[in-house]
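Notes follow once the structure below has been shown.
Bear in mind the structure is a predicted one, so any value in this text is a computation, not a measurement. Lettering of chains follows the sequences in order, A, B, ..., and the numbering in each one begins at 1.
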Amino acid sequence: MPELPDVEGFRKVLDSCARGRRIARVEVHDAGVLRGVSTRRLRRDLEGRTFAEPERHGKWLLARTDGPTVLLHFGMTGGLLCCAPEDELAPHDRVTFTLVGGRQLRYRDQRKLKGLWLADEAAVARTLEAQGPDAASVGREEFDEALARRRGTVKSGLTDQSVLAGIGNLLADEILWRSRLHPARPARDLTDGERRRLHTEMRRVLRSSMKADRVPPRPSWLTGHRDDADPRCPRCGTPLQRDRVAGRGTVWCPHCQPAPS
DNA sequence: CACCATGTTAAACG
DNA sequence: ACGTTTAACATGGT
């Protein structure tokens with residue numbers, strides 16, 4: 001699930017569930033999600049701390065406290081939930097933070113592709129340095145600059161987190177479809193008008209997706225038809241094409257998004 | 001059993 | 001040397 005809108009949803013969960021609350025107890029049910037930190041140190045450094053206002057950059061969630069910061073990345077299957085401590089533990093609940101006042105924050109993840117880091121300010125800065133500007137707030141000049149000097153396809157540029165942070169595979173296809181751009185177009189070849197369209201559509205898609213806390217699989221969106229038996233373009237009815245672009249499964253409309261020459 | 005999946009990244013490539 | 005693409009990661013569904 002997690003692309004920018006999903007992680008923004010997790011930020012809201014963290015904010016409403018834990019902000020201003022003290023951590024009574026940290027439990028690691030599967031240490032496979034801990035990155036560069038032991039269960040012992042996670043507990044020692046966090047128990048007794050109070051969660052502050054959380055931040056998000058791209059697909060990274062920063063759970064700040066009055067001590068160190070927990071960096072969370074959700075891979076393809078992770079999530080953050082606010083539960084009651086007595087709620088039964090789900091099979092993929094990997095780490096739980098029991099808060100003073102009767103709530104429990106849970107990091108749940110099936111595949112364990114990513115996980116949790118414990119970071120001081122310097123480590124937070126190092127992580128964010130490797131990220132491009134946040135896709136939800138990037139201005140048009142910065143967006144243009146990031147894409148125009150890319151050599152590869154426009155899709156690989158959109159989904160490269162060091163170029164632009166937050167866009168994943170589903171979002172990229174949706175944005176390209178709305179912008180009427182073929183995913184395999186070389187990023188450098190886009191005209192100013194095309195790049196402008198891309199930026200506008202990106203912001204538009206992100207705004208609606210963040211409202212839904214996910215990329216909504218609406219019938220009028222490309223995303224709503226990825227898994228159809230006979231997928232057709234919601235705009236013109238042309239059968240959608242599916243292939244590998246930038247190493248990922250990619251869906252586009254061959255009529256609305258003409259192939260590069 | 002083979003192949004697919006919304007994540008990143010080390011290694012391979014040109 | 002450098003940027004881009006591929007293979008690998010852990011796990012489950014089709």
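Among B/dT8, B/dT6, C/dT11, the nucleotide with an atom closest to any side-chain atom of A/R111 is C/dT11. Nearest to the side-chain atoms of A/R226 among the listed nucleotides C/dT11, B/dG7, B/dT6 stands B/dT6. Listed nucleotides B/dT6, B/dA5, C/dG12 differ in distance to A/Q110; the shortest reach to its side chain belongs to C/dG12. Of the candidates B/dA5, B/dT6, C/dA10, B/dA5 carries the atom nearest the A/R244 side chain, counting heavy atoms from C-beta on. You'll find that the side chain of A/H92 is closest to C/dG12, out of C/dG12, B/dT6, C/dC9. For A/H73, the listed nucleotide lying nearest its side chain is B/dT8; candidates were B/dT8, B/dT6, C/dT4. For A/K59, the listed nucleotide lying nearest its side chain is B/dG7; candidates were B/dG7, C/dA10, B/dA5.
At a threshold of 4.0 angstrom between heavy atoms, the contacts of A/G78 with the nucleic acid are absent. A/S156 comes within 4.0 angstrom of the backbone, heavy atoms only, and of no base. Residue A/R242 is classed as a sugar-phosphate contact, given heavy-atom separations below 4.0 Å to backbone atoms only.
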* CA sep, side-chain torsions, deciding dist, call: A/R106, A/D87, salt bridge (charged side-chain N to carboxylate O under 4.0 Å, His left out) -> CA-CA 11 Å; A/R106 298 184 178 184; A/D87 291 346; 5.2 Å; no
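Cluster annotation: A/V28 is connected to A/V70 through the hydrophobic network of ILVMFWY side chains, with a link wherever side-chain heavy atoms come within less than 4.5 Å.
Partner A/V154 forms a side chain to side chain contact (heavy atoms under 4.5 Å, CB included) with one of A/I175, A/L176, A/T159 and no other, that one being A/L176. Considering A/R111, A/R108, A/R94 in turn, A/R94 is the only one that fulfils the salt bridge (charged side-chain N to carboxylate O under 4.0 Å, His left out) rule with A/D30.
Of all non-hydrogen atoms in A/A63 and A/L72, the two that sit nearest each other are CB-CD1, 3.8 Å.
Nucleotides C/dA10 and B/dA11 have their P atoms positioned 15 Å apart, rounded to a whole Å. Atom P of C/dA1 sits at a distance of 23 Å from the matching atom of B/dT9, rounded to the whole Å.
The cationic group of A/R226 does not satisfy the cation-pi geometry with A/W221, failing either the under 6.0 Å distance to the six-membered ring centre or the 45° limit from the ring axis.
In the interface, the side chain of A/R248 is not paired with the base of B/dA5 through any donor and acceptor atom under 3.5 Å apart.
When each of A/T250 and A/Q161 is assigned the nucleotide of DNA chain B bearing its nearest heavy atom, the one mapping closer to the 5' terminus is A/T250.
In this structure, A/M76 places its CE atom 7 Å from P of B/dG7, rounding to the nearest Å. The nearest whole Å value for the distance from the NZ atom in A/K155 to the C1' atom in C/dT5 is 14 Å. Distance CZ (A/R108) to P (C/dG12): 14 Å, rounded to an integer number of Å. Note: CG (A/L61) to P (B/dG7) measures 16 Å, nearest angstrom. Remark: C1' of B/dT6 and CH2 of A/W221 are 14 Å apart, rounded to the nearest angstrom. As a whole-Å value, the separation of A/L113 CG from C/dG12 P is 12 Å. If you measure from atom CH2 of A/W177 to atom P of B/dT6, you get 18 Å, rounded to the nearest angstrom. Put simply, CG on A/L128 is 14 Å from P on B/dT8, counting in whole angstrom units.
Sparse packing is recorded around CZ of A/R207, with 12 or fewer heavy atoms of other residues, nucleotides or ligands lying under 6.0 Å away.
Side-chain contact check for A/D243 and A/T250: no donor-acceptor pair (N or O, by modelled atom type) lies under 3.5 Å. Side-chain atoms of A/E201 and A/S179 include no donor-acceptor pair closer than 3.5 Å.
Atom OG in A/S137 sits 6.5 Å away from atom CZ in A/R203 (nearest 0.5 Å). Between atom CG of residue A/L61 and atom CD of residue A/E55 there is a gap of 9.5 Å, rounded to the nearest 0.5 Å.
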Grab the N/O contacts between the protein and nucleotides 9-14 of chain B below 3.5 Å, and write none if there aren't any.
none

* Under a 3.5 Å cutoff on both atom distances, Watson-Crick or G-U, what's the dot-bracket for DNA chain C ([ ] crossing, | other strand)? -> .||||||||.||||
